[in-house]
There are 2 protein chains.
Amino acid sequence: MKRTINLKGTAKELAQQLSEESCKKTIVIFGFCKAIFDGRIKSFLPGGDRLLIVKKDESLILHGSKGVKPLNWQKSGAGKINYSAKGSTLVVSTFRPKTKETLEILFTRVYQTTTFDDHDSATLNIFGSESDLSDYLFDHPEIIGPDFQPTTREYETPFGFIDLRGVDKHGNIIIVEVKKQSATPADAHQLKRYVDYFQDVEKVSVRGVLVAAGFSEKVLSLLRTYDFKPVVVFWQEIFPSKATLNMSHTLDDFYNNNPK
Amino acid sequence: MKRTINLKGTAKELAQQLSEESCKKTIVIFGFCKAIFDGRIKSFLPGGDRLLIVKKDESLILHGSKGVKPLNWQKSGAGKINYSAKGSTLVVSTFRPKTKETLEILFTRVYQTTTFDDHDSATLNIFGSESDLSDYLFDHPEIIGPDFQPTTREYETPFGFIDLRGVDKHGNIIIVEVKKQSATPADAHQLKRYVDYFQDVEKVSVRGVLVAAGFSEKVLSLLRTYDFKPVVVFWQEIFPSKATLNMSHTLDDFYNNNPK
DNA sequence: GCCTAGGTCCCGTGA
DNA sequence: TCACGGGGCCTAGGC
């Protein structure tokens, strides 16, 4: 049985077939279309060649000729996707009742329509997220400083969760904010909120540490103002061995070239 | 001349053809694949049916059966996309020298390979972005308060740009932060940074106003703590007429149904 | 090139 | 269900 089928017919016939296949197969349309979205914003997309994907969960993605981001899209959870014909034009439209969002795509030319009977039970396996990094710092406190002793991960405050909390040898509280990417001014301010909170609540000296992959001069200046310590960590250099270890069995499968 | 062509052949022949079409046409592969990404994170994607898009700008998008977001992707600007064959497996791989990021996709089965000779010079026309909303408030200051007089848009401070600045009838400075969506705690804190800055620098009384589509109880509580004013604005109800007016000529084109 | 901020952000998690 | 925060965020705009 073929996994992909290329449909033929007039706009009306296509609309009929697509309505039947909707939610059963992934639908891909290559064609010339315009699109209009009305919801959180209004957008109008003039005519051009585009690639439309409609998945079985009724998420819809309209891709242009450039970039990773679609031109228009609709998350799953909207109402049924509607396929219809206006003369020789194939119309694909969605309406999300809750937010009153509408998306209408008008294909004045359809070059190819493909249905894809795809099966996929796999889930993406990721290593190196921010929480992995905080775990790593908990196990390698010397990266923060020679006398840093971690005590708590994900400590809750009214202002949010503190990534990592600990003490130095004098018993001073140290609060660590962990970022995977380069630090932003907002990161520095977020840390300031936490430090202020603890100084108010615990009435003791609190030190702030911001861990990130890089620091701009502007952020460094902010950190000096607040008397916080920046710590640069090159995650990509730290993690490869551990990640490879963790994923080694799946990687074996990968390179052994045996499907599933 | 046909806009879409479905390629045939062994993995080796496909790899050869795709190498030639790369950057000239959009390439779409329906197949069973695994994928591994190593860069800012590491990810491993076990085997499953997927849809791969490679655009002419060498952006690459691998879609699974659900959701708007791709499973794996690569922005344009990486090195050349490489197509090769390992036995009967079609391998698509990328390498971004600057960040040393690699993505390798192994198709053990290819159901269909389509090239799309797409032409698109259109640009997406958007109305209702945050800056449009700030402009609107500048022209309709009464929404902020009966005695609000706007003075400046996009006022720069060391802590970032203030969306909207003005004064009340007593000459007090009013700082307005504008959000299109529901307000988050971070929005409240961002406003606090601006207000603190002005109080420090100008040594005058400063009032803070947060405009958003909605406020959670937690955010309202924060605003009370800081003595800031929340203003709820239903952008979707405010904008339709203006947006339609602005876009009326393009909308005429749209509904007149004449391609391009 | 880096830095900054917005997004129809999307998406997972937890209450 | 909603609120909150991360993301390989992506992308546009400034400098």
Side-chain angles (χ1 to χ4, degrees), chain A residues 35-43 59-62 66-78 94 96 98-103 123-124 126-134 154 156 159-161 163 178-187 190 213-219 235-236, chain B residues 35 37-43 59 61 66-78 94 96 98-103 123-124 126-134 154 156 159-161 163 177-187 190 213-219 235-236:
Chain A
I36 188 162
F37 174 78
D38 189 347
R40 286 163 278 183
I41 59 159
K42 289 174 179 294
S43 82
S59 49
L60 177 158
I61 310 160
L62 183 64
K66 290 192 291 193
V68 168
K69 192 188 171 192
L71 293 166
N72 285 108
W73 66 92
Q74 185 64 260
K75 285 187 289 185
S76 70
T94 73
R96 188 181 292 269
K98 177 174 298 189
T99 55
K100 294 179 183 164
E101 289 181 332
T102 60
L103 173 61
T123 53
L124 188 64
I126 284 181
F127 187 78
S129 62
E130 190 189 281
S131 83
D132 291 326
L133 310 189
S134 295
E154 292 297 316
E156 184 170 11
F159 290 167
F161 284 84
D163 290 328
V178 180
K179 294 292 163 185
K180 268 183 50 189
Q181 306 178 230
S182 287
T184 68
D187 297 333
Q190 186 182 357
F215 293 87
S216 68
E217 198 42 58
K218 190 168 189 174
V219 173
W235 299 114
Q236 276 188 62
Chain B
F37 173 78
D38 189 348
R40 285 163 281 181
I41 60 159
K42 289 175 179 295
S43 82
S59 49
I61 310 160
K66 290 192 290 191
V68 168
K69 193 188 170 189
L71 294 166
N72 284 108
W73 66 92
Q74 185 65 263
K75 285 186 290 186
S76 70
T94 71
R96 187 182 293 268
K98 177 174 298 188
T99 54
K100 293 179 183 164
E101 289 181 330
T102 60
L103 173 60
T123 52
L124 187 64
I126 284 180
F127 187 77
S129 62
E130 190 189 282
S131 82
D132 291 327
L133 310 189
S134 296
E154 292 296 313
E156 184 170 10
F159 290 168
F161 285 85
D163 290 329
E177 177 66 25
V178 180
K179 294 292 163 183
K180 268 181 51 186
Q181 306 179 230
S182 286
T184 68
D187 297 333
Q190 185 182 356
F215 293 87
S216 69
E217 197 43 58
K218 187 166 191 173
V219 173
W235 299 115
Q236 278 189 59

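Letters A, B, ... are given to chains in the order of the sequence lines, protein chains preceding strands, and every chain is numbered from 1.
Annotation: of the two residues near DNA chain D, A/Ser129 and B/Glu217, the 5′-most nearest-nucleotide partner is B/Glu217. Residues A/Gly67 and B/Phe215 both approach DNA chain D. Their nearest nucleotides, taken by heavy-atom distance, put B/Phe215 toward the 5′ side. Taking the nucleotide of DNA chain C with the nearest heavy atom to each of A/Pro185 and B/Pro70, the more 5' of the two is matched to A/Pro185. Nearest-nucleotide positions on DNA chain C place A/Lys218 closer to the 5' end than the other of A/Lys218 and A/Glu101.
The phosphate of D/dA3 (OP1 or OP2) has no side-chain N or O of B/Thr184 nearer than 4.0 angstrom. OP1 or OP2 of D/dG8 lies within a sub-4.0 Å distance of a side-chain N or O belonging to B/Lys69. For A/Lys180, a side-chain nitrogen or oxygen approaches OP1 or OP2 of D/dC9 to under 4.0 Å.
D/dG7 atom P lies 12 Å from atom CZ of B/Arg40, rounded to whole Å. Straight-line distance from the CD1 atom of A/Ile41 to the P atom of D/dA12: 13 Å, rounded to whole Å. In this structure, B/Phe161 atom CZ and D/dA12 atom P are separated by 19 Å, rounded to whole Å. Between A/Leu133 atom CG and D/dG6 atom C1' there is a gap of 12 Å when expressed in whole angstrom units. At whole-Å resolution of the value, CD in B/Glu154 and P in D/dG14 are 10 Å apart. Regarding A/Glu156, its CD atom lies at a distance of 13 Å from the C1' atom of D/dG5, rounded to whole Å. Rounded to whole angstrom, the span from the CD atom of A/Gln181 across to the P atom of D/dG8 amounts to 9 Å. Put simply, CG on A/Asp187 is 11 Å from P on D/dG7, counting in whole angstrom units.
A donor-acceptor contact shorter than 3.5 Å links the side chain of B/Asp163 to the backbone of B/Val178.
Annotation for B/Pro185 and B/Val219: closest pair N-CG2, 3.6 Å, computed over non-hydrogen atoms. The two residues B/Ile41 and A/Phe127 make their nearest non-hydrogen contact at CB-O, 3.5 Å. Annotation for A/Leu124 and B/Asn72: closest pair CD1-OD1, 4.0 Å, computed over non-hydrogen atoms. The minimum heavy-atom distance between A/Ser43 and B/Ile126, with the atom names listed, is CB-CG1, 3.9 Å.
Each of D/dG5, D/dG8, D/dC10 was ranked by its minimum atom distance to the side chain of B/Lys75; first place goes to D/dC10. Among D/dG6, D/dG8, D/dC4, the nucleotide with an atom closest to any side-chain atom of A/Glu130 is D/dG6.
Within 4.0 Å of B/Lys66, counting heavy atoms only, lies no atom of the nucleic acid at all. At the heavy-atom level, B/Gly160 lies under 4.0 Å from the strands shown only through sugar-phosphate atoms. B/Lys98 comes within 4.0 angstrom of sugar-phosphate atoms only, judged by non-hydrogen atoms across all strands, and of no base. Within the 4.0 angstrom heavy-atom criterion, no nucleotide atom of any strand lies near A/Leu124.
A side-chain N or O of B/Gln74 and one of B/Arg96 form a donor-acceptor pair less than 3.5 Å apart.
Between chain A and DNA chain C, the heavy-atom contact criterion of under 4.0 Å yields a 5' to 3' nucleotide range of C/dC3 to C/dC10.
D/dT11 and C/dC11 have their P atoms separated by 15 Å, given to the nearest Å.
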Problem - Secondary structure of DNA chain D in dot-bracket form (Watson-Crick or G-U wobble, distances below 3.5 Å, | marking inter-strand pairs) - result: |||||||.|||||||
